[in-house]
Amino acid sequence: GAVVSQHPSWVICKSGTSVKIECRSLDFQATTMFWYRQFPKQSLMLMATSNEGSKATYEQGVEKDKFLINHASLTLSTLTVTSAHPEDSSFYICSTLGDRVGQYFGPGTRLTVT
Amino acid sequence: QQPVQSPQAVILREGEDAVINCSSSKALYSVHWYRQKHGEAPVFLMILLKGGEQKGHEKISASFNEKKQQSSLYLTASQLSYSGTYFCQYGNKLVFGAGTILRVKS
């Protein structure tokens with residue numbers, strides 16, 4: 001199966017700073033990647049769909065100016081949380097679509113904003 | 001709209017069986033099932049693409065009733081490694097259900 005990596009695995013930052021999370025597809029080219037957020041004991045919520053070479057599509061209620069997504073190459077999508085606040089603390093997971101095998105998820109990035 | 005999963009949680013002893021249900025208020029074209037261990041990303045279990053389809057791997061199987069807009073996941077002779085949170089997902093909308101917490105005790 002496809003391998004998707006994320007970096008960093010966890011990050012602690014101060015309120016007001018920006019954090020960048022990288023999502024890489026290691027063994028295939030991904031024209032589309034998805035970004036999810038998961039709060040403790042809750043389900044995964046789709047934040048946005050990242051498309052290589054074009055603007056990301058954001059789900060309703062997700063601030064596109066706060067969660068900047070860049071998909072500059074077929075193997076890399078980045079999510080930047082700008083001016084992070086404690087309520088942005090969450091588990092951020094990226095994924096790609098497999099061929100009739102659902103989604104391949106990255107290992108996730110745990111963000112803690114202090 | 002989020003798929004509805006039931007039950008919310010279930011506790012089993014090793015060797016017991018469990019069924020997790022997933023239903024939708026809208027037409028389902030495909031259903032994915034995932035398992036997530038604490039602190040980890042979800043892992044794909046299986047996809048069902050056609051109404052009436054059933055499939056399984058080892059002692060985990062699933063069915064898809066397109067007309068009833070529901071899918072069920074069957075865990076047979078559960079093992080400790082089955083513990084985790086199980087999610088169903090609409091394939092075309094990438095929307096996850098709220099999850100079912102499964103705990104298998106020895």
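Below, chain A is the first sequence line, B the second, and so on; all start at residue 1.
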> Hey, any chance Ile93(A) and Tyr58(A) share a hydrophobic cluster, counting ILVMFWY side chains that come within less than 4.5 Å of each other, even indirectly?
Replying inline: no
>> Is Gln38(A) close to chain B through its backbone or its side chain, or both, or neither, when contacts mean heavy atoms under 4.5 Å?
In response: side chain
>> If you compare all heavy atoms of Phe34(A) against all heavy atoms of Leu94(B), which two are closest, and at what distance to 0.1 Å?
In response: CE2-CD1, 3.1 Å
> Quick check: are there more than 12 heavy atoms from other residues, nucleotides or ligands sitting under 6.0 Å from CD of Gln8(B)?
Replying inline: no
> Which heavy-atom pair separates Gln89(B) from Tyr36(A) by the least distance, and what is that distance?
Replying inline: NE2-OH, 3.4 Å
> What distance separates Leu97(A) CG from His32(B) NE2, expressed to the nearest 0.5 Å?
Replying inline: 7.5 Å
>> Does His7(A), at its NE2 atom, have more than 12 non-hydrogen atoms belonging to other residues, nucleotides or ligands within less than 6.0 Å?
In response: no
> Does Val4(A) share a hydrophobic cluster with Leu111(A), counting links as ILVMFWY side-chain heavy atoms below 4.5 Å and allowing steps through other members?
Replying inline: no
> Between Ala98(B), Pro42(B), Gly39(B), Gly97(B), which residue shows the highest count of heavy-atom pairs closer than 4.5 Å to chain A?
Replying inline: Pro42(B)
> Should Leu45(B) and Phe64(B) be regarded as members of a common hydrophobic cluster, given that ILVMFWY residues are connected when their side-chain heavy atoms come within less than 4.5 Å of each other, either directly or indirectly?
Replying inline: yes
>> Between Ser43(A) and Gly99(B) (side chain of the first, backbone of the second, donor and acceptor by atom type, cut-off under 3.5 Å), is there such a pair?
In response: no
>> Less than 4.5 Å to any heavy atom of chain A: does that hold for the side chain of Phe96(B), its backbone, both, or neither?
In response: both
> Measuring from Phe91(A):CZ to Gln36(B):CD, what's the distance to the nearest 0.5 Å?
Replying inline: 6.5 Å
> Crowded around Lys55(A) NZ? As in, over 12 foreign heavy atoms under 6.0 Å?
Replying inline: no
>> What part of Leu44(A) gets within 4.5 angstrom of chain B, counting heavy atoms only: side chain, backbone, both, or neither?
In response: both
>> Quick one, Phe105(A) with Phe44(B), criterion ring pair (Phe, Tyr, Trp, His ring centres under 6.0 Å). Give me CA distance, side-chain angles, the key distance, then yes/no.
In response: CA-CA 9 Å; Phe105(A) 287 91; Phe44(B) 172 76; 9.6 Å; no
> With the 4.5 Å side-chain cut-off for hydrophobic clustering, are Met47(A) and Tyr90(B) part of the same group?
Replying inline: no
>> Ignoring hydrogens, what is the shortest heavy-atom contact between Ala41(B) and Gly106(A)? Give both atom names and the distance.
In response: CB-O, 2.8 Å
> Taking a hydrophobic cluster as the set of Ile, Leu, Val, Met, Phe, Trp and Tyr residues connected by side-chain heavy atoms closer than 4.5 Å, whether directly or through intermediates, do Leu75(B) and Ile11(B) fall within one such cluster?
Replying inline: no
>> Using 0.5 Å steps for rounding, measure from the CD1 atom of Ile101(B) to the NZ atom of Lys41(A).
In response: 7.5 Å
> Between CD of Gln2(B) and CE of Met45(A), what distance do you get to the nearest 0.5 Å?
Replying inline: 6.0 Å
>> Does Lys64(A) have more than 12 heavy atoms from other residues, nucleotides or ligands lying within 6.0 Å of its NZ?
In response: no
